[in-house]
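Since the structure comes first, as structure tokens, the remarks are kept for the end.
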Amino acid sequence: MRPEHEELPTQRLVAVPPPQRRVDADELLGRVARGDERAFAELYDLLSPRVYGLIRRVLRDPAQSEEVAQEVMVEVWRNAGRFDGARGSATAWVFTIAHRRAVDRVRAEQASSDRAQRVAASSVDTPYDDVVETATARIEQQQVRRCLDGLTDLQREAITLAYYNGNSYREVADLLGAALPTIKTRMRDGLIRMRDCLGVAF
């Protein structure tokens with residue numbers, strides 16, 4: 001038994017803090033829609049790390065992911081009034097914006113890359129000189145056709161076989177069933193007419 005004069009030890013009472021209420025993104029977003037900047041700061045702290053993580057998985061690039069994440073949170077601040085809680089949670093709404101923004105950035109980067117590749121390819125494959133040469137060649141082809149049309153049938157066939165198909169005089173004579181001297185004469189006369197027509201020397 002304890003002596004009567006012995007006092008019981010006094011326990012020190014410690015104030016227990018009241019349980020903190022769980023922050024609700026839906027409530028915060030509703031307050032943001034009413035222009036509550038403090039609520040936006042809380043919502044930013046609550047969701048921005050996860051928004052960044054989602055965007056990072058799409059873009060891979062840390063700098064771009066951070067930039068897009070900032071754009072998402074600005075859009076949340078500006079458009080909080082459009083959130084409809086009946087269609088889903090605030091978190092899902094914000095993540096939908098984040099995903100859309102990330103995909104848009106990927107598409108924009110791809111489009112920019114495609115344009116650069118097309119410009120590079122066109123500058124390599126069809127430089128100015130090639131365009132000029134192509135246009136000149138087409139004009140020359142038209143002139144040649146016009147001058148060929150002015151020849152006799154035998155002259156035109158002989159010149160075509162010799163100069164465009166690569167046949168010799170004798171092969172041309174055999175193909176057309178004409179004597180070799182006749183073919184040579186017809187080709188000579190035809191080339192003279194072609195020269196006069198085109199204004200060039202053969």
Side-chain angles (χ1 to χ4, degrees), residues 2 6-143 145:
R2 295 177 180 273
E6 184 178 351
E7 295 182 359
L8 295 174
T10 303
Q11 291 183 343
R12 306 188 71 175
L13 299 177
V14 179
V16 178
Q20 292 185 345
R21 188 171 62 87
R22 181 174 174 273
V23 180
D24 182 69
D26 291 62
E27 179 188 337
L28 289 173
L29 190 58
R31 288 163 52 193
V32 171
R34 296 190 293 273
D36 189 331
E37 294 184 8
R38 177 172 292 182
F40 178 71
E42 291 183 50
L43 185 68
Y44 186 97
D45 292 341
L46 179 66
L47 295 183
S48 62
R50 294 164 65 189
V51 166
Y52 172 80
L54 186 154
I55 295 170
R56 177 72 186 274
R57 285 196 295 273
V58 177
L59 295 183
R60 306 293 183 186
D61 181 77
Q64 284 200 45
S65 299
E66 186 174 345
E67 181 181 334
V68 174
Q70 293 297 326
E71 293 174 359
V72 169
M73 297 312 295
V74 169
E75 184 173 345
V76 169
W77 166 255
R78 290 176 177 171
N79 299 317
R82 297 182 181 179
F83 168 65
D84 182 3
R87 302 179 62 180
S89 68
T91 302
W93 183 73
V94 173
F95 286 177
T96 299
I97 294 173
H99 186 265
R100 187 185 68 243
R101 283 271 187 169
V103 171
D104 287 346
R105 177 61 66 92
V106 170
R107 289 173 177 166
E109 290 292 322
Q110 185 61 49
S112 177
S113 176
D114 291 345
R115 282 194 299 272
Q117 288 179 0
R118 285 197 297 270
V119 170
S122 63
S123 64
V124 171
D125 295 340
T126 56
Y128 176 77
D129 289 344
D130 285 354
V131 174
V132 171
E133 288 179 8
T134 300
T136 302
R138 287 177 181 170
I139 293 172
E140 290 176 349
Q141 287 174 358
Q142 292 172 356
Q143 291 175 336
R145 289 194 191 99

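Partners of Arg60 according to the side-chain contact (heavy atoms from CB on, under 4.5 Å) rule, which considers only residues two or more places apart in sequence or in another chain, do not exist here. Partners of Arg100 under the salt bridge (Lys or Arg N to Asp or Glu O under 4.0 Å) rule, at least two apart in sequence or in another chain, are Glu75. The ring pair (Phe, Tyr, Trp, His ring centres under 6.0 Å) test applied to Phe40 returns Trp77, not counting sequence neighbours. Residues satisfying the salt bridge (Lys or Arg N to Asp or Glu O under 4.0 Å) test with Arg105, not counting sequence neighbours, are Glu67, Glu71. Applying the side-chain hydrogen bond (donor to acceptor under 3.5 Å, both in side chains) rule to Gln110 yields the partners Asp114; only residues at least two apart in sequence or on another chain are considered. Looking at residues two or more places apart in sequence or on another chain, you find a salt bridge (Lys or Arg N to Asp or Glu O under 4.0 Å) between Asp36 and Arg31.
Considering all non-hydrogen atoms of both residues, Ile55 and Ala102 come closest at CG2-CB, 4.1 Å. Contact record, Leu29 with Ala80: CD1-CB, 3.7 Å, taken as the closest heavy-atom pair.
Results of the side chain to side chain contact (heavy atoms under 4.5 Å, CB included) test with Leu46 over Val51, Asp24, Leu28 single out Leu28 as the only residue that passes.
To the nearest 0.5 Å, atom CZ of residue Arg101 and atom CG of residue Leu54 are 14.0 Å apart.
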What side-chain donor-acceptor pairs closer than 3.5 Å can you find for residues 83-98, not counting sequence neighbours?
from	atom 1	to	atom 2	distance (Å)
Asp84	OD1	Ala86	N	3.0
Ser89	OG	Ala92	N	3.1
Thr96	OG1	Ala92	O	2.8

TODO: Evaluate the criterion side chain to side chain contact (heavy atoms under 4.5 Å, CB included) for residue pair Val68 and Asp104; output intermediate values, then yes/no.
DONE: CA-CA 10 Å; Val68 174; Asp104 287 346; over 6 Å; no

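Applying the side-chain hydrogen bond (donor to acceptor under 3.5 Å, both in side chains) test to pairs two or more places apart or on separate chains, those with a residue in residues 45-59 are Tyr52-Arg56.
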